[in-house]
Amino acid sequence: MANFHKGRNNLGGKANRNLIAGLIFFVLVITSFYIIFVQQIQVNKWYYFLPIMMFMVLASYFVKRGVIFRFGAKGENLGLAQALKLPEGYHVFTNVTISYQNYSQETDLIIVGMKGIYIVEVKNHNGKIVGDAEASEWTQLKVGRGGGRYSKKMNNPVKQVKGQVYKLSKFLKENGINVWVEGIILFTNEDVNVNVQNSSIPIIFPAKRLNHYILTCKNRQYLNKTLIAKVVEMISSVQKK
């Protein structure tokens, strides 16, 4: 089993904070209506209801964000569960923020081991994903509960991963570690099918294929134990900030 290095700012925590905020504003809405109608307080102007309307909007906003974060957290957990099945000697980091030239990006998973260094961007989308690696957006095609078909746009994660790879490579090089870093896009939802053209970044689905890819791919650089230890030390120092 791989060594686990847990980050602080995970999606599960963000989901819980947003859902709690949504609950608080929902309670404020109920309390406001209780004060007005049960206590029979006279409200003569429509704009007296503006605070209640604001509470309702905020409640909806935070609950929606919480649900989105929770869905994303589920995907990250599925990806993490697979990564941790890698053999002893591998290291798995979550939620590491890499900075270079005053620009930062948070990574979902970083895997370090004998076969190399991998940044894994985890997506939990379902349906059919189509697009081109050079496009700014991809299209997600889905079938609704009633059988209706619809589509929506999603950001292209290829460019996101390339940015993360670049920053981590430069960060390590500045600290005397010249190693190859590879990016991976991992779709964890079992009900997903991805058809993306011209991607130089491996796109893997389902999640259980992650380990097979890492252990069997033709990597550009093998890392010995000394180099692995140096990389782990540097990434750990960033993760703890």
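Just so it is clear, the model here is predicted, and its values are computed rather than measured.
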Original post:
Do E174 and Y100 pass the side-chain contact (heavy atoms from CB on, under 4.5 Å) test, and can you show the C-alpha distance, the side-chain angles, and the key distance before you say yes or no?
Top reply: CA-CA 10 Å; E174 285 182 344; Y100 182 71; 3.2 Å; yes
Original post:
Would N3 and V92 count as a side-chain contact (heavy atoms from CB on, under 4.5 Å) if you check the C-alpha gap in whole Å, the side-chain angles of each, and the deciding distance to 0.1 Å?
Top reply: CA-CA 6 Å; N3 298 288; V92 180; over 6 Å; no
Subject >> Verdict with reasoning, K230 to I228, per side-chain contact (heavy atoms from CB on, under 4.5 Å) >> reply: CA-CA 5 Å; K230 289 181 179 179; I228 290 174; over 6 Å; no
Original post:
Would V231 and I177 satisfy side-chain contact (heavy atoms from CB on, under 4.5 Å), going step by step from the backbone distance to the final call?
Top reply: CA-CA 7 Å; V231 173; I177 305 174; 3.8 Å; yes
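For the residue pair R70/N16, the side-chain donor-acceptor check at 3.5 Å is satisfied.
In this pair, F25 and F55 present their aromatic rings tilted. The plane angle is within the 30 to 60° band.
The main-chain N or O of T97 is never found under 3.5 Å from a side-chain atom of S104 such that the two would form a donor-acceptor pair. Of the possible polar contacts, none joining the D191 side chain to the G127 backbone as a donor-acceptor pair under 3.5 Å is found. The main-chain N or O of G7 is found under 3.5 Å from a side-chain atom of T94 such that the two form a donor-acceptor pair. For the pair S60 (side chain) and V57 (backbone), a donor-acceptor distance under 3.5 Å is absent. Here the side chain of R65 pairs no donor or acceptor atom with the backbone of Y61 at under 3.5 angstrom. Between the side chain of Q221 and the backbone N or O of W180 there is at least one donor-acceptor pair closer than 3.5 Å. Side-chain atoms of N211 come within 3.5 Å of backbone atoms of Q82 as a donor-acceptor pair (strictly under, hydrogens ignored). Of the possible polar contacts, one joining the S199 side chain to the I201 backbone as a donor-acceptor pair under 3.5 Å is found.
When hydrophobic clusters are built by joining Ile, Leu, Val, Met, Phe, Trp and Tyr residues whose side-chain heavy atoms come closer than 4.5 Å, directly or via intermediates, I98 is grouped together with L172. Under a hydrophobic-cluster definition in which Ile, Leu, Val, Met, Phe, Trp and Tyr are linked whenever side-chain heavy atoms come within less than 4.5 Å, directly or via other members, I110 and L86 are assigned to different clusters. V179 and V112 fall within the same hydrophobic cluster, where Ile, Leu, Val, Met, Phe, Trp and Tyr residues are linked whenever their side-chain heavy atoms come under 4.5 Å apart, directly or through other members. Under a hydrophobic-cluster definition in which Ile, Leu, Val, Met, Phe, Trp and Tyr are linked whenever side-chain heavy atoms come within less than 4.5 Å, directly or via other members, V96 and I184 are assigned to different clusters. No chain of hydrophobic side-chain contacts below 4.5 Å, direct or via other Ile, Leu, Val, Met, Phe, Trp or Tyr residues, connects L210 to V192.
Looking at residues two or more places apart in sequence or on another chain, you find no side chain to side chain donor-acceptor pair (under 3.5 Å) involving Q239. The side chain to side chain contact (heavy atoms under 4.5 Å, CB included) search around Q101 returns none, not counting sequence neighbours. Every residue two or more places apart in sequence or in another chain was checked for a ring-ring contact (aromatic ring centres under 6.0 Å, His included) with F26, and none qualifies. With sequence neighbours left out, the side chain to side chain contact (heavy atoms under 4.5 Å, CB included) criterion links K173 to N178. In this view, Y118 satisfies the ring-ring contact (aromatic ring centres under 6.0 Å, His included) rule with no residue, not counting sequence neighbours.
Counting non-hydrogen atoms of other residues, nucleotides and ligands closer than 6.0 Å to NZ of K6 gives a total of 12 or fewer. Counting heavy-atom neighbours within 6.0 Å of E190 CD, excluding the residue itself, gives a total of 12 or less. Applying the 6.0 Å contact sphere to CG of N175 captures more than 12 heavy atoms from other residues, nucleotides or ligands. The local environment of CE in M56 is sparse, with at most 12 non-hydrogen atoms from other residues, nucleotides or ligands closer than 6.0 Å.
Counting all heavy atoms, side chain and backbone alike, G131 lies closest to W138 at CA-CD1, 3.9 Å. Nearest heavy-atom pair across I111 and Y90 is CG2-CD2, 4.0 Å. Taking every heavy atom of both residues into account, K159 and A133 meet most closely at CE-O, 4.4 Å. Heavy atoms only, all atoms of each residue included: N156 and D132 are closest at ND2-O, 3.7 Å. Residue N124 comes nearest to T188 through the heavy atom pair OD1-OG1, 3.1 Å, listed as atom of the first residue, atom of the second, then distance. Contact between K115 and L215 at its shortest, heavy atoms only, is NZ-O, 3.1 Å.
For the pair L28/I30, no side-chain contact is recorded, criterion being any heavy-atom separation below 4.5 Å from C-beta on. Side-chain atoms of M234 and F171, non-hydrogen and from C-beta on, do get closer than 4.5 Å to each other. Contact check for H5 versus V232: side-chain heavy atoms found under the 4.5 Å cut-off. Residues F187 and I203 meet the side-chain proximity criterion, which asks for heavy atoms closer than 4.5 Å. A 4.5 Å side-chain heavy-atom check between T139 and M154 finds every atom pair outside the cut-off. For the pair H91/S236, no side-chain contact is recorded, criterion being any heavy-atom separation below 4.5 Å from C-beta on. Proximity of I185 to V161: side-chain heavy atoms (C-beta onward) are separated by under 4.5 Å at one or more points.
Rounding to the nearest 0.5 angstrom, the gap separating the CG atom in N189 from the CZ atom in F205 is 11.5 Å. Within the model, atoms CD1 of I129 and CG of N193 stand 9.0 Å from one another, a figure rounded to the nearest 0.5 Å. From Y150, atom OH reaches atom NZ of K142 across 3.5 Å, with rounding to the nearest 0.5 Å. A distance of 9.0 Å separates OG1 in T216 from CZ in R209, rounded to the nearest 0.5 Å. One finds the CG atom of N18 at 12.5 Å from the NZ atom of K64 (value rounded to the nearest 0.5 Å). The structure places CD1 of I119 at 10.5 Å from CD of E182, a figure rounded to the nearest 0.5 Å.
Put simply, the residue from D108, I235, T107 that forms a side-chain contact (heavy atoms from CB on, under 4.5 Å) with F93 is I235.
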Can I get a per-line list of side-chain donor-acceptor pairs under 3.5 Å for residues 163-170, giving both atom names and the distance, sequence neighbours left out?
unit_1, atom_1, unit_2, atom_2, d
Q164, NE2, E106, O, 3.3
Q164, NE2, E121, OE1, 3.4
K167, NZ, Q105, OE1, 3.0
S169, OG, V165, O, 2.8

